[in-house]
Structures are given as C-alpha cells and as structure tokens.
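See below for the structure under consideration.
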Amino acid sequence: MYVVSKRIEDILKRVLVSNIFKDREKLRPDYVPDELPHREKEVEKLAEKLAPAVKGERPSNIFIYGLTGTGKTAVTRYVLKMIKDMAGRLQLEFKLMDSYVNCKVNNTNYSVLVSLCESLNEYVPFTGLSIPELFRRFMRALERTPSLMFVVLDEVDALVKQSGDDLLYKLTRINPDLKRSQVAIVGITNDLKFTESLDPRVKSTLAEEEMVFTPYTSEELEDILRQRARIAFKDGVLSDEVIPLCATLAAREHGDARRALDLLRVAGEIAEREGSLKVLETHVRRAQVEIERDRVIEVLRTMPLHGKLTLISTYLLEKAKVEPTTGEVYSIYKGLCRKLGIEPLTHRRISDLINELDMIGLATAKVVNRGRYGVTKLIKLSVPEGAIFEGLKEDERLTSFLGDVGRAAR
DNA sequence: CCTCCACCGGAACTTACGGAGT
DNA sequence: ACTCCGTAAGTTCCGGTGGAGG
C-alpha cells in the first residue's frame, strides 16, 4: 500500500513539476502562436481578402487548398482573430462573428447546420428536424442582430463526399435572403482536386478567391519547432539533434507541421516518463513508433466487427503467403463468420470495407487488372501485426479464435 | 483481334434508430 | 399515438473494365 501510494505520488509530482516541459499545451495542434513563421505572405494575402469585413462589406468567399499540416487552419484562425480584435476596437454597428466547423467531425448537412446554429447561441435538437427547418432557424438567428459572419468550413471535402454539395449551394446563395446580415464562406480542403467534384454553380460562388498552401520544407519546419520549443520546453533540455530530426521526419511526410509538433511533444513525454533530464534522438525515434502504434490501436478499438474480420482475413492470407485479393479475403471472411456463428455481409459490402481500411491507413488496396483473370483489388496490410493484435485483443467477440490466429502466426 | 474473367463501383433501395412536432 | 425527418449501415442490381489468352 505504501509503495503504491508512493509511486502515485511520484507520478503526480512529475506532472506538477516537469523536468522537461514549461508549457506542453504550446505544442498542441490547435494552439495558434503569436507568429506563424514562413506563413507571413499567406497571412497577409488572406488578411487583404478578408479586410473589407471591418467596413461591413462582405468579403469574397475564399477557398484554401493545401496538404495536411501546411498551416491552413492556423492562418485562417490567426487572421480571423486579428480582424475580430480590430473590429472590437472600432465599435462597429454590426457584429463580426465567425463559426468554425470541422467537416470531418460534422460530416452531415444536419450536423454542420447544428454547429452553425450553436455558434449563434441558437439551441437546436441534434436530430428530428428537417434540413429546411434547420436552415430557417439558422437564418433567423443570424438576423436577430445585424452581423457579418464568417463560416469556416474546414476539411469541407469530407462533407461533400458524405452528403453532397446541397448545403454548400444553399450557403453560397444565402445573402440575398438576408436583410440585416451577411455571410462569407472560407472553405478549407486538403484534397487538391476537390472542386472538380463540385457543381459548377457552387464552385464559382464558393471559390471566388483561391489560395494554395505549399508544404513546409525541412528548414522551415525547424524554425517552427524552434519557436514552439522555446515556449514549451525548459531551457536546454533538447539535445541538438532533436529538432532537425523531427523536421526531417515530418518533411518526409509532405512537410506536415502538425506531425513535426506531435513528434516533438511525444518525444518530450517519453523522456519525461522515464525521468530523463534531456530529450534525445532515441526519444524521437520511439515517439514515431508510439504515435503510429497508438493510432492503430485507437482506430481498431472503434472499428465495427466486420471491419475487424476483414482485416484479420487479410492478415491470415498474408501469413499463408496467398495474395489477398477481394475474392480471397471474402472467402476467408465468410469462414470466420461461420466460426463465430454470425451472418456474413455481402461481397459488395466487404469491397467497401476494404476501401475503408485503405482510407484509414491500415492497409493499401490497389486495383489490378489481370486480364483473362479479371479485375480485383490487391490488399496489403501497412501496419505492424503487433499493433493489430494489441488493438483487437479487447474485443471479447474475437477472443475465442484470436488465440488460434496468433498461434497460426507463429 | 476478340473474348471474357472477376471483380469494380455508382445508385437506388431497405431497415433500424433516435427524436421532433402535433 | 402518429407522422415526419436525417443518418448509418447494408443489400440489390447492374453497367463497366482492360489485358491475358485463345
């Protein structure tokens, strides 16, 4: 008892007085720093485009493209914050507001509208109403006070893929129906050829202006990391090679700043956990493995049963040195279902589940044409099997034969 | 040069669910 | 109590595909 409470005390102490961190929150992806290194031009350009807002003129709708972690969201937040600060000092006779919606999280028309309403302090039920009714309430809330509202739709491609562009169409044409207020849309996407999938009518109004964010280079990432490290870490705890390594690793992933910051933060956490006084190269290496591993386990935890079975089927085929094609996976999958005494899904559905595995990044699925022998998908797992087993073992529906699978693996 | 495999993937439809409005 | 609504997951149906092998 004494030993345990002593250890808990140690843990608490370590959290309270860190050897490593000054302020860990500064490394979180949603933290917007006072300056955005190597995005000065973008900040300026976006500010120019949005500036008319402070005069009460509706800015053009803007579309921002760029891969993940290139600063799109940060720049947008940053500029909007400055504009709102400015507006606050000017005492305008209208309200300047913004609503940020992440469409990857809210990827249905309904939930996007719900969060738009909520940002106007308009309560709406999370289900039950019709879309037109929801839209009406949004407009009513908007008209309560004269206002200019920025609607930021982050990862808007996810919304369109899921639910079509109806809502986008309606939003782009809302202004003529508003008497006292105005809406400007900022669309953000990391799908570079997203607008091709849009209705031309939507495209022309939504993307009146366009901006493209290019990936950070390794050197630029280093600057970003240095700036954050200064405020997040205690002085002198980072050994020299840490920041360049994080930058290089992230640059390999198309210059993803979020990735770089994650690496740095987790490396710090690992160092802290083992009571090291410095963050070393080895901590970064281990951070890389840990991030990936945690991601896999988390994804697996929330994956539906049939998705898991599809994954296991692929795994078994790879172990048996059979090329996993859709057909092969499906027949193994059916066998697993029989063992579990559950109804298998259709071939068509499994084909989709395989695509989902690809999308999540647990596997890659490539369509191959084998001429005489038809067209199929060639599936390949892209994560270590250890992490897969780790993620699956909690599922008690699988425990009965997961042991067998494990043994077969050895 | 044609055929034909073994699937791909779009689209419409079904079912179940949670809840609103009346 | 009843009807209406949107979403998620899954099924059914079906036209399309492109190159190995005849």
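Each chain gets a letter, A, B and so on, in the order the sequences are listed, and its residues count up from 1.
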Cationic N near anionic O, under 4.0 Å, A:Arg89 to A:Asp85:
no
Measuring to OP1 and OP2 of C:dA20, would you say a side-chain N or O of A:Asn369 lies under 4.0 angstrom away?
no
Strictly under 3.5 Å: I want the nitrogen or oxygen pairs between protein and nucleotides 11-16 of chain C, one per line.
unit_1, atom_1, unit_2, atom_2, d
C:dT11, OP2, A:Thr346, N, 3.1
C:dT11, OP2, A:Thr346, OG1, 2.9

Taking the side chain of A:Thr108 as its heavy atoms from C-beta onward, which of B:dG21, C:dA8, C:dA20 lies nearest to it?
C:dA8
In Å, rounded to the nearest 0.5 Å, how long is the span from CZ of A:Phe135 to CG of A:Leu142?
9.5 Å
Whole-Å distance, A:Tyr373 OH to B:dT3 P, equals 18 Å
Of the listed nucleotides (C:dG6, B:dG21, B:dC8), which one gets closest to any side-chain atom of A:Leu129?
B:dG21
Can you tell me how far CZ of A:Arg295 sits from CD of A:Glu292, rounded to the nearest 0.5 angstrom?
4.5 Å
Nearest-angstrom distance from the residue atom CG of A:Leu159 to P of C:dG6
15 Å
Given C:dA8, is OP1 or OP2 found less than 4.0 Å from the side-chain N or O atoms of A:Gln162?
yes
How close or far is atom C1' of C:dT7 from atom CG of A:Asn107, stated in whole angstroms?
10 Å
Is any side-chain nitrogen or oxygen of A:Tyr330 closer than 4.0 Å to OP1 or OP2 of B:dA6?
no
Gap between atoms OH and C1', on A:Tyr333 and C:dG10 respectively (whole Å)
10 Å
Identify whether any heavy atom of A:Thr127 sits under 4.0 Å from a base atom; if not, whether one sits that close to sugar-phosphate; answer base, sugar-phosphate or nothing.
base
Picking from A:Asp154, A:Val151, A:Leu80, A:Thr76, what satisfies side chain to side chain contact (heavy atoms under 4.5 Å, CB included) with A:Tyr100?
A:Asp154
What is the distance, rounded to the nearest whole Å, between atom CZ of A:Arg137 and atom P of B:dA20?
10 Å
Determine yes or no for a side-chain-to-main-chain donor-acceptor pair under 3.5 angstrom, with A:Thr189 supplying the side chain and A:Asp191 the backbone.
yes
If you find the nucleotide of DNA chain B closest to A:Lys377 and the one closest to A:Gly374, which residue's nucleotide is nearer the 5' end?
A:Gly374
A:Asn355 side chain, from C-beta outward: closest of C:dG10, B:dG9, B:dC5:
B:dG9
Ring of A:Tyr330, cation from A:Arg349 - is the NZ or CZ under 6.0 Å from the centre and inside 45° of the axis?
no
Taking A:Glu290 first and then A:Arg293, would you say they form a salt bridge - that is, a charged N and a carboxylate O separated by under 4.0 Å?
no
Provide, to the nearest angstrom, the distance between the CG atom belonging to A:Leu378 and the P atom belonging to B:dC7.
12 Å
Tell me the interatomic distance from A:Glu133, atom CD, to B:dG19, atom P, rounded to whole angstroms.
18 Å
Atom CD of A:Glu356 and atom P of C:dG10: how far apart are they, to the nearest Å?
9 Å
